[in-house]
There are 2 protein chains.
Amino acid sequence: MKSASQSRDRGIPEATVARLPLYLRALHGMAERGVATVSSEDLAVAAGVNSAKLRKDLSHLGSYGTRGVGYEVEYLVYQISRELGLTQDWAVAIVGVGNLGRALANYGGFVSRGFRVAALVDADPEVVGDTIAGLNVEHIDELEAVIKRRGVSIVVLATPAAAAQEVCDRVISVGVTSILNFAPVVLSVPDSVDVRKVDLSIELQILAFHEQRKAGGPLMAVDGQ
Amino acid sequence: MKSASQSRDRGIPEATVARLPLYLRALHGMAERGVATVSSEDLAVAAGVNSAKLRKDLSHLGSYGTRGVGYEVEYLVYQISRELGLTQDWAVAIVGVGNLGRALANYGGFVSRGFRVAALVDADPEVVGDTIAGLNVEHIDELEAVIKRRGVSIVVLATPAAAAQEVCDRVISVGVTSILNFAPVVLSVPDSVDVRKVDLSIELQILAFHEQRKAGGPLMAVDGQ
DNA sequence: GCTACTTTGTGCATCGGTTCACAAAGGGAT
DNA sequence: ATCCCTTTGTGAACCGATGCACAAAGTAGC
């Protein structure tokens, strides 16, 4: 048999975790369109993955399908949501209310499922006190207090690169262990803290690399495809 | 021996490509601080990776280091830039000038290295004609014309989810083969087109998953850490 | 109940990527 | 010119993820 207790082997592969939100989104769309039941094949297409991969991913959560039939949409939505921790709501603070921070504060996708923007913080006296997306922008001096008061557990860093590490250290000092970093710096954090990084410029550079291959590559081998 | 010609095996692993921009950023920082030469160990730390991985990554580009010494910063910057295709400049169009599109248009990191926002396009008559980040916002009806006129080769999709696929089809029809998609949909495109996806909500969900493990897991095994 | 059909869940081979650990290659000192 | 020290570049073992292909498990019809 497996390792410890039973089927639900509390070790879901990272690659699987990264795809669960994708499945969830596809399932939400189906639920809205009144679909009651879906096969791994159809769901895989909707999520843009291979059906064998989808089945293996779902099998890590448990055995929630019915052979010969498929998966019940509502039930699967619930199971994935629970696994991802979206059945509770998460208070998110956005630090740095520049163009990007503002966009994030107004971004509907955040609020929609399980997340709630609970605080906006900035250093610029010009914006502190403004109301953005229905929230008062607080001063960076209040950072620790605000995080504790609002029960923030996830912090989004949208500050300039130079300020990111300091803000990062400060939020960690009051117990935050999950950070989404938009600043183009490598944050140094204890192992116990999770950092996910989004760098728009890096994505463009990766595209440029492939684009160059397509455009400039004809004098090279014709591997093409 | 290897496959074809020689050392420079024109097949750089995808994982390596994704890290090159990281090295490049670290190197730029060093160049600014006047560092002339750097060891794989130091560069690895600055980029937040393991030094063996860094060396293997760089070895895919060629043999640009000196044993016993390290890498010459300027030279390595040039080599990586060239490999990524950043020695030419890329005209980027941003479609969808909502909060996010606006943030992207003003985002310094884009322009800084090799990329130039060459066009802004939106469907809302309210914003068409506005000047944002020094650029006139053009109407979506002009999409194909603008792309051809400005020589755009990379398109950033910051439209609502519902509009993304149509815009995507249209830009592909005029030859665009690189797309950075911020809309929360799975785009369907021919194999010859590269799509990279950034979904802010998905990143948060992944964080929530791990956060839940840390916080809610105490009744499970105490792997904690 | 039995047969035919559908679709899941998974064992297994494979592949790409990571990491270790060391030989090869260079610099500098004497 | 020889020796020692540093650091690169890479062979090889390892690890996780992918995808095939099929047995197991269910439904439906008769």
Rounded interatomic separation in angstrom, taking CD from Glu41(A) and P from dT6(C): 14 Å
Rounded interatomic separation in angstrom, taking NE2 from His60(B) and C1' from dG9(D): 11 Å
Closest-nucleotide 5' rank along DNA chain D - winner of Glu14(A) and Val69(A): Glu14(A)
Nearest-neighbour nucleotide for the Ser59(B) side chain, dT10(D), dA21(D), dA24(C) considered: dT10(D)
Side chain of Ser39(B) (C-beta onward), nearest among dT7(C), dT10(D), dT8(D): dT8(D)
Flag, side chain of Arg116(A) to backbone of Ala91(A), donor-acceptor distance under 3.5 Å: no
Counterpart residues, salt bridge (Lys or Arg N to Asp or Glu O under 4.0 Å), relative to Glu41(B) (two or more places apart): none
Atom-to-atom span, CG of Leu54(A) to C1' of dT18(D) - whole angstrom: 13 Å
Asn50(A), nearest nucleotide to its side chain (from dC20(D), dA17(D), dG26(D)): dC20(D)
Selected nucleotide, minimal atom distance to Ala52(A) side chain, candidates dG19(D), dG9(D), dT18(D): dG19(D)
side-chain contact (heavy atoms from CB on, under 4.5 Å) between Val117(A) and Tyr107(A), worked out: CA-CA 10 Å; Val117(A) 178; Tyr107(A) 178 49; over 6 Å; no
Spacing between Arg55(A) atom CZ and dT6(C) atom C1', to the nearest angstrom: 12 Å
Integer-rounded Å distance: dG9(C) P and Lys53(A) NZ: 18 Å
Between C1' of dT18(D) and CG of Asp57(A), the distance in whole Å: 10 Å
Candidates dT18(D), dG17(C), dA24(D) - which lies nearest the side chain of Ala15(B): dG17(C)
Phosphate contact (dT10(D) OP1 or OP2) by Lys56(B) side-chain N/O below 4.0 Å: no
Rounded distance in Å - CD (Glu72(B)) to P (dT7(D)): 17 Å
Short side-chain N/O contact from Tyr71(B) to OP1 or OP2 of dG9(D), under 4.0 Å: yes
Distance below 4.0 Å between Ser40(A) side-chain N/O and dT8(C) OP1 or OP2: yes
Rounded interatomic separation in angstrom, taking OH from Tyr64(A) and P from dG9(C): 11 Å
Distance test, side-chain N/O of Arg67(A) to OP1/OP2 of dA28(D), below 4.0 Å: no
Touch class at under 4.0 angstrom, heavy-atom based, for Thr16(B) against every strand present: nothing
Minimum heavy-atom distance Tyr71(B)-Arg55(B), with the two atoms named: OH-CG, 3.9 Å
Heavy atoms from other residues, nucleotides or ligands near CD of Glu74(B) exceed 12 (cutoff 6.0 Å): no
